[in-house]
Structure formats: C-alpha cells, structure tokens
Amino acid sequence: MAKRDKLTQRQKRQVAHKQRQRIQQQTAPLAEHQLGQLSESLEGLVISRFGEQADIMNLCDQKVFRCYLRQNLGSIVSGDKVVFRLAENEQGIVEARHSRDSVFERPSAHQGLKAVVANINQVFIVAAPLPDFSAALLDRYLVAIEDANNQCDIPLKIIILLNKWDLQSEIIDQSIEEQLTIYRQLDYPIIKVSTKTGLGIDLLKQHAVHQQSILVGQSGVGKSSIINHLFPQQESLVNQVSQNSRLGQHTTTTSQLFLVKEMTTTENSVDGFIIDSPGIREFGLWHMDSHKVAAGFKEFLPFIGACKFRDCQHINEPGCAILQAVDTKQIALQRWQNYCKIVSSPAS
Ligand SMILES: Nc1nc2c(ncn2[C@@H]2O[C@H](COP(=O)(O)OP(=O)(O)OP(=O)(O)O)[C@@H](O)[C@H]2O)c(=O)[nH]1
Ligand SMILES: [Mg+2]
Ligand SMILES: [Zn+2]
C-alpha cells in the first residue's frame with residue numbers, strides 16, 4: 001500500500017511536470033527569431049514593462065500587444081513612446097524609443113537614479129491614515145520631486161491625494177488635519193478622497209483630465225483602488241495577489257498605464273493618462289547632499305544664503321537663518337525635523 005502511494009506520488013509529480021511544460025510551451029512567447037513576418041513600423045505607448053517584454057498600445061487603434069524589447073534600447077518604462085512591429089501571432093518587437101519629454105526617477109541604493117515612468121507632467125502623492133500617515137515619507141517625496149523640478153525647465157505639478165478619508169477616528173488619532181495645514185500653507189494642492197464612499201473622486205477626475213500623471217506612495221495607501229474606482233471597466237493589476245505580500249494583500253508589482261479617456265463617458269473626448277505604480281516601504285535619498293535636500297524644502301529657499309556660515313547644514317550651527325525661521329514659526333518645526341532626519345539618514 002505504502003509502495004503504491006509512493007509510486008502514485010512520483011507519477012503525480014511527473015504528470016504535473018509534463019503539464020507545466022505543456023502550458024509553458026503554449027503560453028511562452030516566441031523568441032525574437034521565431035516571430036516571422038513583421039508588420040510595418042507602428043507608433044506605440046508603453047503600458048507596462050515586464051522584464052524583457054512590455055505591453056505596448058498601438059496608438060492607431062489602442063489595441064495592446066505583448067512585445068519583446070530589442071537590445072540596446074536603453075530603459076523602457078510606462079509612458080514611453082516607442083516604434084514597434086507586429087508579428088502574425090499578435091506579439092511584436094519594440095525597435096526604438098522616442099526621446100522623452102520628462103522622466104520620473106527614483107533613487108536606488110546601488111544604481112543611482114532609476115527611471116520609473118516617462119512623459120508625465122503631474123505627480124499625485126497618495127497618503128492615507130492606514131497603514132499610517134507618514135509626513136516624513138511625504139516630505140521625502142516632495143524633496144525628491146522639488147529637487148528634480150529645480151533642475152528642469154518644465155516642473156512636474158504636485159498634488160497630495162489623501163485617500164481613505166472615511167476612516168475618521170484614525171484621522172483624528174493621528175492629527176492628520178493639523179499636519180495637512182502645513183502643506184496647505186506651502187500651497188501644495190490637497191485632495192481628500194475615499195474609494196469606499198466616492199468622496200473627492202470627481203475633483204480628482206477634474207485634475208486628471210488632459211494630464212499625464214503618476215500615482216506614487218507607500219504600499220497599501222490605495223493607489224490601485226483609486227485606479228479601479230476611476231476605471232471600473234479595466235482589468236487592473238490590482239487583481240494579482242502577490243505571493244510575498246503579508247496578509248495576502250493585492251500589491252502592485254509593476255507600473256501600469258491607463259488612458260484618461262476610459263475614465264469619462266464621452267469617447268475620445270480627452271487625452272492624458274494615469275499610471276499606477278508599485279508602493280514603497282522606504283524612500284532613500286542617497287543622491288542628494290544637504291544643500292539639495294534644503295533646496296527641496298521650498299519654504300527654506302528665502303533663508304538659504306542668509307546663514308552665518310556658508311556651508312551651514314541648518315542643524316545646530318550658530319547664526320543659522322533656517323533655525324531662526326523655525327524659532328519664529330516661519331518654518332514649521334515638523335518640516336525642519338524631517339529635513340534633519342533626511343540629512344542624517346538618507347536611506348530613510
Ligand atoms: N477604508 C478604506 N480602505 C481603502 C480605501 N481605498 C483602498 N482601501 C483599502 O486599502 C487596501 C490597499 O489598497 P491598494 O489599492 O491595494 O493599495 P496600493 O497603494 O495599490 O498598494 P501597493 O500596490 O502595495 O502599492 C485595500 O485593502 C483596499 O480595500 C478607502 O478609501 N477607504
Ligand atoms: Mg497597488
Ligand atoms: Zn543654516
């Protein structure tokens with residue numbers, strides 16, 4: 001009996017192995033040389049990147065195709081405009097990338113700045129009372145974007161999106177309203193939304209039409225839920241349950257682009273897109289020295305240069321104009337504290 005069980009186990013493994021192979025053969029995309037006859041060149045938009053392949057939308061008919069990436073293309077990310085050719089089997093190959101109007105980058109510990117998405121003009125920084133509202137992380141995002149904006153001609157617009165505004169007791173417990181006052185005084189637009197109640201969704205739509213935006217923020221704040229609310233008819237990657245995520249949460253593993261026109265009732269009436277991006281747990285700013293960090297806190301700018309020492313770090317130096325501004329409440333204490341945290345611990 002035991003022996004028969006053992007055999008059966010082995011047979012089962014063999015059957016499962018053969019089945020896996022068969023499925024792989026059926027679903028595995030063909031290698032480039034197997035693509036056969038290719039169509040003429042087509043203009044495409046990168047929806048998502050998956051390793052050596054990407055989903056490309058044909059800009060003529062808005063159909064999406066899984067395509068190989070020809071080598072030496074450089075980085076290819078959601079929002080990139082590309083030239084591609086189609087094969088007979090609905091697969092294709094990306095042959096070239098158009099130059100980018102803008103690129104949104106994320107610092108990484110070992111590789112410097114890495115492109116996350118391209119051709120955007122607006123960033124929604126999404127925060128929420130759950131898992132927790134982190135002004136420190138919000139400031140890290142703001143500093144990174146302000147720093148990039150300080151170096152380019154067309155600055156990215158920034159909007160703070162406060163999701164889960166239905167969780168009133170968490171909002172009160174964490175004094176979120178009080179903390180938001182700081183950002184309101186700094187002229188950062190704030191939109192409060194809830195995908196549970198629909199609060200703020202119309203206002204969000206108004207800010208999204210005609211724009212090329214990305215949603216960024218901590219994992220679990222509800223970026224993909226917002227996308228699902230805006231694009232109920234689309235199949236979002238939110239439906240993929242990550243093996244790694246704790247609590248079996250749906251976590252986004254690759255950026256995905258959604259056309260804004262899908263969000264409105266009138267076909268082809270508006271342009272623009274919104275990109276959902278994977279959440280982060282920490283946000284290192286290794287690439288920025290203290291001068292850049294200070295310049296990323298926009299309310300520091302009028303005081304920079306007025307310190308007694310030219311190389312002032314604005315931490316505890318005598319005659320520091322920033323510290324004086326904190327004393328006189330021209331700079332919010334919490335913002336200066338977050339500045340000190342970033343300078344002393346860039347890795348987060
Ligand atoms: N109470 C409440 N919960 C929400 C709201 N929006 C989303 N959630 C919940 O928040 C959890 C995380 O949502 P996701 O949309 O997966 O978050 P995400 O930001 O895409 O997370 P990552 O993909 O890991 O970055 C889910 O359990 C949602 O149901 C909201 O407005 N209110
Ligand atoms: Mg997500
Ligand atoms: Zn100073």
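One-based numbering along the sequence shown. Start at 1 and go down the list; that is how both ligands and their atoms are numbered.
Comparing Gly200, Ser219, Ser225 by heavy-atom distance to atom 14 (P) of ligand 1, the nearest is Ser225. Checking Gly220, Gly198, Ala128 against atom 21 (O) of ligand 1, the nearest heavy atom belongs to Gly220. Relative to atom 3 (N) of ligand 1, the option among Glu170, Lys196, Lys223 with the closest non-hydrogen atom is Lys196. Counting heavy atoms only, Thr251 comes closest to atom 22 (P) of ligand 1 of the residues Val193, Asp276, Thr251.
Of all the heavy atoms of Ile226, none lies under 4.0 Å from any atom of ligand 1, so neither backbone nor side chain is involved. With a 4.0 Å heavy-atom cut-off, ligand 1 is reached by the backbone of Thr252 and by its side chain too. Residue contacts with ligand 1, taken as heavy atom pairs separated by less than 4.0 Å, do not involve Leu130 at all.
For the Mg ion (ligand 2), the set of nearby N, O or S atoms under 2.8 Å includes none belonging to Ser225. The Mg ion (ligand 2) lies at 2.8 Å or more from every N, O or S atom belonging to Thr251.
The ligand atoms of ligand 1 that sit less than 4.0 angstrom from a heavy atom of Leu167 are 1 (N). The Asp166 neighbourhood of ligand 1 comprises atoms 1 (N), 2 (C), 30 (C), 31 (O), 32 (N), with distances under 4.0 Å to a heavy atom of that residue. Every atom of ligand 1 is numbered from 1 in the order shown, and the set under 4.0 Å from a heavy atom of Ser194 is 31 (O). Counting atoms of ligand 1 from 1 in the listed order, those under 4.0 Å from a heavy atom of Asn163 are 5 (C), 6 (N), 7 (C), 31 (O).
Applying the salt bridge (charged side-chain N to carboxylate O under 4.0 Å, His left out) test to Lys192 and every residue at least two apart in sequence or in another chain returns Glu177.
In this structure, the side chain of Ser213 does not engage the main chain of Val123 through any donor-acceptor pair within 3.5 Å. Checking side-chain atoms of Arg106 against main-chain N and O of Lys114 turns up no donor-acceptor pair under 3.5 Å. A donor-acceptor pair is defined here as one N or O able to donate and one able to accept, closer than 3.5 Å; such a pair exists between the side chain of Ser102 and the backbone of Ile120.
Atom CD of Gln37 is surrounded by 12 or fewer heavy atoms from other residues, nucleotides or ligands within 6.0 Å.
Summarising the geometry, atom NZ belonging to Lys81 is positioned 5.0 Å from atom CG belonging to Asn119; distances are rounded to the nearest 0.5 Å. Rounding to the nearest 0.5 angstrom, the gap separating the NZ atom in Lys341 from the CG atom in Leu285 is 13.5 Å.
Between the side chains of Asp55 and Gln256, no donor N or O sits under 3.5 Å from an acceptor N or O. Ser75 and Arg100 form a side-chain donor-acceptor contact under 3.5 Å, judged by distance and modelled atom types alone. Checking Gln151 against Asp147 by side-chain atom types alone, a donor-acceptor pair falls below 3.5 Å.
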Quick one: side chains of residues 305-315, donor-acceptor pairs under 3.5 Å with protein atoms, not counting sequence neighbours, listed by atom name and distance.
unit_1, atom_1, unit_2, atom_2, d
Gln313, OE1, Ser290, OG, 3.1
Gln313, NE2, Ser290, OG, 3.3

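Shown are the protein N/O/S atoms under 2.8 Å from the Zn ion (ligand 3), given by residue and atom: Cys307 SG, Cys312 SG, His314 ND1, Cys320 SG.
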Problem - Criterion side-chain contact (heavy atoms from CB on, under 4.5 Å) on Phe65 and Val94, from CA distance to verdict - result: CA-CA 11 Å; Phe65 302 93; Val94 178; over 6 Å; no
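Each ring-ring contact (aromatic ring centres under 6.0 Å, His included) pair with one or both residues in residues 111-164, not counting sequence neighbours, appears once here: Tyr141-Phe283.
Residues His291 and Ile304 fail the side-chain proximity criterion, which asks for heavy atoms closer than 4.5 Å.
Geometry about the Mg ion (ligand 2) gives an angle of 80° between OG1 of Thr252 and OG of Ser224, rounded in steps of 10 degrees.
The shortest N/O to N/O separation between Ser277 and ligand 1 does not fall below 3.5 Å. When only interatomic distances are considered, the shortest N/O to N/O separation between Gly279 and ligand 1 falls below 3.5 Å.
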